[in-house]
Number of protein chains: 2
Amino acid sequence: MASYKDKKVITIGIVNELTGLSERKIRYYEERGLIFPDRTKRGTRKYSFADIELLMKIADKREEGVQTSEIKKDMMREKRKKDLREEMLRGQINAHFNRQK
Amino acid sequence: MASYKDKKVITIGIVNELTGLSERKIRYYEERGLIFPDRTKRGTRKYSFADIELLMKIADKREEGVQTSEIKKDMMREKRKKDLREEMLRGQINAHFNRQK
DNA sequence: CGTGTAAGGAATTCTGACACG
DNA sequence: CGTGTAAGGAATTCTGACACG
């Protein structure tokens, strides 16, 4: 699952080129817990393509006037839903194999 | 076709981390025409994941003692073969549609 | 030929802070 | 709250060159 899309290899300057967001904004969204870049040994931030797509979604929301705290809540809600779906899927798979025994 | 794998977004320092090749080597292989990074406006090299995979293949060949000029010839031979296969495929597709008329 | 290295300059990135609204 | 900006320092990247083998 961890393919090119999720590898954190892009520096903030390139992220700025790709998204048009200022470095200040990119760092601020991290400060607010919306995005989680890796770091090199020396502390330079590294982003993935997935991060870039997320940043563009965040930018859209901000343009609509949504606050970062709201965006974060939405993201956590979606994550919970996703975790739940996966949990249920696992349950079905288990049920299936248990029936076989 | 131009997906994450081919987007040139990785700086040379990260390429060094990912491949273990020195920056000197990476730049030299470019000088010899084996690899073609993009540049930012300010001239910083940008590589793709495909470039990184190619660099690792080049590194393997070099370890076997193959010279850069040989590696380049091999790469051009393979490219020619690939172009030929695509050319023939296009030919078959055309033949197919012509028959229909 | 292939690679290391020191050199000097330019551009990048980082953090913490002040400003404004 | 969200973002801009100036500040100072540290790390990055670039090119051209000399070294060695």
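The sequence lines fix the lettering, A, B, ..., with proteins before strands; numbering per chain opens at 1.
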Fill in the blank from the handout: Which of A:K61, A:K79, A:K57 passes side-chain hydrogen bond (donor to acceptor under 3.5 Å, both in side chains) with A:D74? It is A:K61

Practice task
Using a strict cut-off of less than 4.0 Å between a Lys/Arg side-chain nitrogen and an Asp/Glu carboxylate oxygen, indicate whether A:E30 and A:K25 qualify as a salt bridge.
Solution key: no

Problem - Lys/Arg N to Asp/Glu carboxylate O, A:R27 vs A:E23, below 4.0 Å - result: yes

Fill in the blank from the handout: When rounded to whole Å, the NZ to P distance for the pair B:K72 and C:dG2 reads 12 Å

Exercise for the section: Whole angstrom is fine here: how far is it from CD1 in B:I26 over to P in C:dG4? Expected result: 10 Å

Practice task
Please check the phosphate of C:dT3 (OP1 and OP2 only) for any side-chain N or O of B:Y28 closer than 4.0 Å.
Solution key: no

Practice task
Report, as a single string ordered 5' to 3', how protein heavy atoms within less than 4.0 Å touch nucleotides 5-19 of chain D: B base, S sugar-phosphate only, - not at all.
Solution key: B-----SSSSB----

Problem - Side-chain (B:R62) to main-chain (B:V66) donor-acceptor, under 3.5 angstrom - result: yes

Exercise for the section: Would you mind listing every ring-ring contact (aromatic ring centres under 6.0 Å, His included) that reaches into residues 38-76 of chain A, with sequence neighbours excluded? Expected result: A:F49-B:Y4

Exercise for the section: Calculate the interatomic distance between A:I58 atom CD1 and D:dG2 atom P; express it in whole Å. Expected result: 12 Å

Exercise for the section: May I have the distance from B:E31 (atom CD) to C:dG2 (atom C1'), rounded to whole angstrom? Expected result: 10 Å

Handout entry: Rounded distance in Å - CD (B:E70) to P (C:dG2)
Key = 11 Å

Handout entry: Pair A:D38 + A:R45: basic N to acidic O under 4.0 Å
Key = no

Exercise for the section: Indicate whether OP1 or OP2 belonging to D:dG2 is found under 4.0 Å from a side-chain N or O atom of A:Y29. Expected result: no

Handout entry: Carboxylate-amine/guanidinium proximity below 4.0 Å for A:K81 and A:E78
Key = no

Handout entry: Rounded interatomic separation in angstrom, taking CG from B:L55 and P from C:dT3
Key = 12 Å

Fill in the blank from the handout: Each base of DNA chain C marked ( ) or [ ] if paired in-strand (Watson-Crick or G-U under 3.5 Å), | if paired to another strand and . if unpaired gives .||||.||.|.|.||.||||.

Handout entry: Main-chain N/O of A:L21 paired with A:N16 side-chain donor or acceptor, under 3.5 Å
Key = yes

Problem - A:K7 NZ: over 12 foreign heavy atoms closer than 6.0 Å - result: no

